[in-house]
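Written below as structure tokens is the structure these notes are about.
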Amino acid sequence: MSQKILFISAEVTPFAKVGGLADVVGALPPALRKLGSDARILMPKYGVIDEEKFPMQIRGQGIPVQTGQGTHYVDVWEAKLPGTDTPVYLIGNDKFFGGSRIYYDASAFVSQFVEFERFLFFGLASIAVLESLQWKPDIIHCHDWHTGLIPALLKEEKPRIATVFTIHNLGNQGKWNAPDIFKFIGMKPQDRASLGTTDAQGNFNCLLQGVVNADAVNTVSPSYAKEILTPEYGEGLDVLLQQQGERLRGIVNGIDTDRFDPSRDPSLTEHYSAEKIANKTKAKTALQKECGLEQDASIPLFSFIGRLTDQKGMDLVGESVDQLLQQGGQLVLLGSGMDELEKIATRAAAQHPGRVYAKIGFDAALANRIYAGSDFFLMPSKYEPCGLGQLIAMRYGAVPIVRATGGLKDTVPDYTIDSSGGRGFAFSPYAAKDLQEAITRAYALYRDRDEFTQLQKRIMSIDFSWKQSARQYLDLYSQARQEQRP
Ligand code: ADP
């Protein structure tokens, strides 16, 4: 019997994307469908979603959602995930989901109560609209703090639907004082025993709610699943996560290999593959032209793409620009987020015209052209639950330079240590000098054209699709159905 799985998420590629969460939820459901499951998606119908690009039909209107502030009404729309037969349901309500943004802060970190209102409402509305879908899931798969309340709320449903909660980023937990939360959702802690759980600081913690109430819980790489049990990476939840024992699993992310495919990516003007790798140089000179850099295919091109938060290591990149340029290369930076980190990027570009290019903002098509045009991709993260940037980079033949942490450690073995299995350059202490040392090793490889091309071809040929990991999620769903939490 095919399992019916409903993904509930704040982000879904290509409708609304800020980071890797969107890519996961936009790619895992179709992969599960290929394995015979009936996976579908539920998300907010944000004001930013372009309805001309994504045609949708109304499925339900005026569905009441009770909150502590009275009753609000939502509509439900249905679209298809582009290029697939995966149904996507979108919940519409102008007050909570209208407006021109997904999150209130470009770095995706929550800092204002309106953001809680948006996603607490999303949780309440998700349950209210289940009836109108005329399709009852066996499993509800929730993602990150935005959906953390849902497993607790679903415990009252009869028959009970099994729940899975995935931690994509422990750095963003959705914490706030409990009275404001309970006032908004119109409940008291004693209404549902499980809602009484608070974190060590006594905050109502949406992510923790998901962890303790879901029937199964995982994060997005085996290494990160271990790291978060330590004070260094546990973000204050290490002890509570240790208490989850065997329940907490690590399943590494894949990527949508149809969407990210340099041989037919519509954002590229020059296409190439591992077999026709020579054409990658054309993608590089096209990028150099687009970014106003000196057009010379022999110059090694480094890049960085990511949300500009403390997590992603932009400070280390900033401290390493001079060293990187001294060895002859070019640097392309794309990202948005914290002011001071945006300034590091724009300052580097202003100081080194023709050699450093920086774009502040979110631009998915430019991101793909950067992956295609790069020889090396920098990802010196302080912590990294899985990381998709390095996987996409490898798919496009850009050799990753990463800090050996979390999913980066699991997916990028170091080439200096193991030239037959290595996929990039890894360093460990979070320090600019260690990143610089890895950059120097990358330059040394670049000078040996044959060896460098061999590595590029090898990383482009690795199967980063969701096939393997989708099977592991099917196991997790079975486990959730067998071991329902009281
Ligand atoms: P995270 O989920 O922490 O943001 P990941 O590496 O898992 O990091 O995923 C980031 C995804 O978002 C990748 O697909 C990356 O290419 C994309 N991305 C990040 N910043 C930008 C940007 N400014 N413009 C376009 N794409 C971006």
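Atoms within each ligand, like the ligands themselves, are counted from 1 in listed order.
Near Gly361, with a cut-off below 4.0 Å to any heavy atom, the atoms of ligand 1 are 22 (C), 23 (N). Close approach of ligand 1 to Gly335 (heavy-atom distance below 4.0 Å) involves ligand atoms 23 (N). Within ligand 1, the atoms closer than 4.0 Å to a non-hydrogen atom of Asp23 are 11 (C), 13 (C), 14 (O), numbered from 1 in the order shown. Close contacts of ligand 1 with Met379, meaning ligand atoms under 4.0 Å from a residue heavy atom, involve 6 (O). Atoms of ligand 1 lying under 4.0 Å from at least one heavy atom of Ala367, given by number and element, are 25 (C), 26 (N).
The aromatic rings of Phe377 and Tyr371 sit tilted relative to each other, their planes meeting at an angle between 30° and 60°.
Contact annotation for Leu388 and ligand 1: heavy atoms of both the backbone and the side chain come within less than 4.0 Å of the ligand. Under 4.0 angstrom from ligand 1, there are no non-hydrogen atoms of Gln390. Using a 4.0 Å cut-off between heavy atoms, Ile392 contacts ligand 1 through its side chain alone, with no backbone atom that close.
Side chains of Asn279 and Glu270: a donor-acceptor N/O pair is absent below 3.5 angstrom, by distance only.
Heavy-atom minimum distance, Ala39 versus Phe7: CB-CE1, 4.4 Å.
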Q | Gln390/Arg395 under side-chain contact (heavy atoms from CB on, under 4.5 Å): CA gap, chis, key distance, verdict | A | CA-CA 9 Å; Gln390 83 282 13; Arg395 175 100 173 124; over 6 Å; no

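When each of Phe122, Trp145, Phe121 is paired with Phe116, the ring-ring contact (aromatic ring centres under 6.0 Å, His included) condition holds for Trp145 and for no other.
Ion pair Arg355/Glu294 not flagged as a salt bridge, since none of the NZ, NE, NH1 or NH2 atoms sits closer than 4.0 Å to an Asp/Glu carboxylate oxygen.
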